[in-house]
Amino acid sequence: MVQLRGWPSFPGELPVFTPETAPPDPQALFLEWLTEAGEHVLAPHAVTLSTVDADGAPDARVVILKDVGAGGWAVATSSESPKGIQLRKDPRAALTFFWPGRGRQVRLRGPVSPAVPEVSAADFLARPPASRVEAFIGHQSQVLHDPADLEVAAAEAQHWVEENPDVAPETWTRYLVDPEEVEFWQASHDRRHVRLRYRKSGDGWVRERLWP
């Protein structure tokens, strides 16, 4: 425990965040922060997707942000994966971005809806070949009794992708998180962290400073 407390959390120099000058739309500020993070940290588009299972227990995993647009924040997975099944039963989710190299977090949550099949298919076909093969292997999160089974399934999936380069699985789905709240968190070495929350209200957003 002593060692855990001794590890540094953030670099010595942190960016300045002035909430009073933040744009009225959280997407604009998010894209600004994402672009800035991409200049300093690896995988700035990695995001923790949190859902709940059939028993109401929380579940979380790191995925890749695919897009940000009018429909919301987009991630993608198979509808038959654990997260896809959970979203079908309870279509709500939270996304958490954490960029320790910049001392920043972005948190958002809201309802989730699947994109139209054409958009989901285009998302899949834009994936690198190895990623498409992985998706066709299937059995995600199921028990693997023999690693040799994975090698066989991977070879079969690769052959299928090579023979059908323009085919996407019907289960591949792009999911859109339409946030009701978006919070931006900027660390400060004096622990007076700066927090700004956007809360949806009607057709616009209310901006609120939060205590650290």
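Since we're looking at a predicted model, the values are computed, not measured. Below, each value reflects all heavy atoms present in this structure, side chains not excepted, and no hydrogens, waters or symmetry copies.
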N/O donor to acceptor pairs below 3.5 angstrom from side-chain atoms of residues 20-29, sequence neighbours left out:
from, atom 1, to, atom 2, distance (Å)
T21, OG1, T18, O, 2.9
D25, OD1, Q27, N, 2.8
Q27, NE2, G69, O, 2.6

Side-chain donor-acceptor distances from residues 156-164 under 3.5 Å, at least two apart:
from, atom 1, to, atom 2, distance (Å)
Q158, NE2, E162, OE2, 3.2
N164, ND2, W160, O, 3.0

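Taking all atoms of both residues into account, the shortest heavy-atom contact from S201 to V206 is CB-CG2, 3.7 Å. Minimum interatomic distance between Q86 and D59 (heavy atoms only, all atoms of both residues): NE2-OD2, 3.1 Å. Closest heavy-atom contact between A93 and V177: O-CG1, 4.4 Å. Of all non-hydrogen atoms in I64 and V75, the two that sit nearest each other are O-CG1, 3.9 Å. Contact detail for A76 and K66: the closest heavy-atom pair is CB-NZ, 3.9 Å. The shortest heavy-atom contact between A74 and L65 is O-CD1, 3.5 Å.
Q105 pairs by the side-chain hydrogen bond (donor to acceptor under 3.5 Å, both in side chains) definition with nothing, not counting sequence neighbours.
Taking the charged nitrogens against the carboxylate oxygens, E180 and K200 have no contact shorter than 4.0 Å, which rules out a salt bridge.
Between W33 and F17, the ring planes are perpendicular. Angles over 60° get that label, and only those under 30° would be called parallel. Relative ring orientation between W73 and F30 is described as perpendicular, the plane-to-plane angle rising above 60° on a 0-90° scale split at 30° and 60°. Between F184 and Y198, the two ring planes are perpendicular [angle over 60°; tilted spans 30° to 60°].
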Inset, instruction - Verify side chain to side chain contact (heavy atoms under 4.5 Å, CB included) between L49 and L95, making sure each step is shown before the conclusion. - result: CA-CA 5 Å; L49 168 65; L95 297 179; 3.7 Å; yes
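The side chain to side chain donor-acceptor pair (under 3.5 Å) test with R61 is passed by exactly one of T77, T48, T51: T51.
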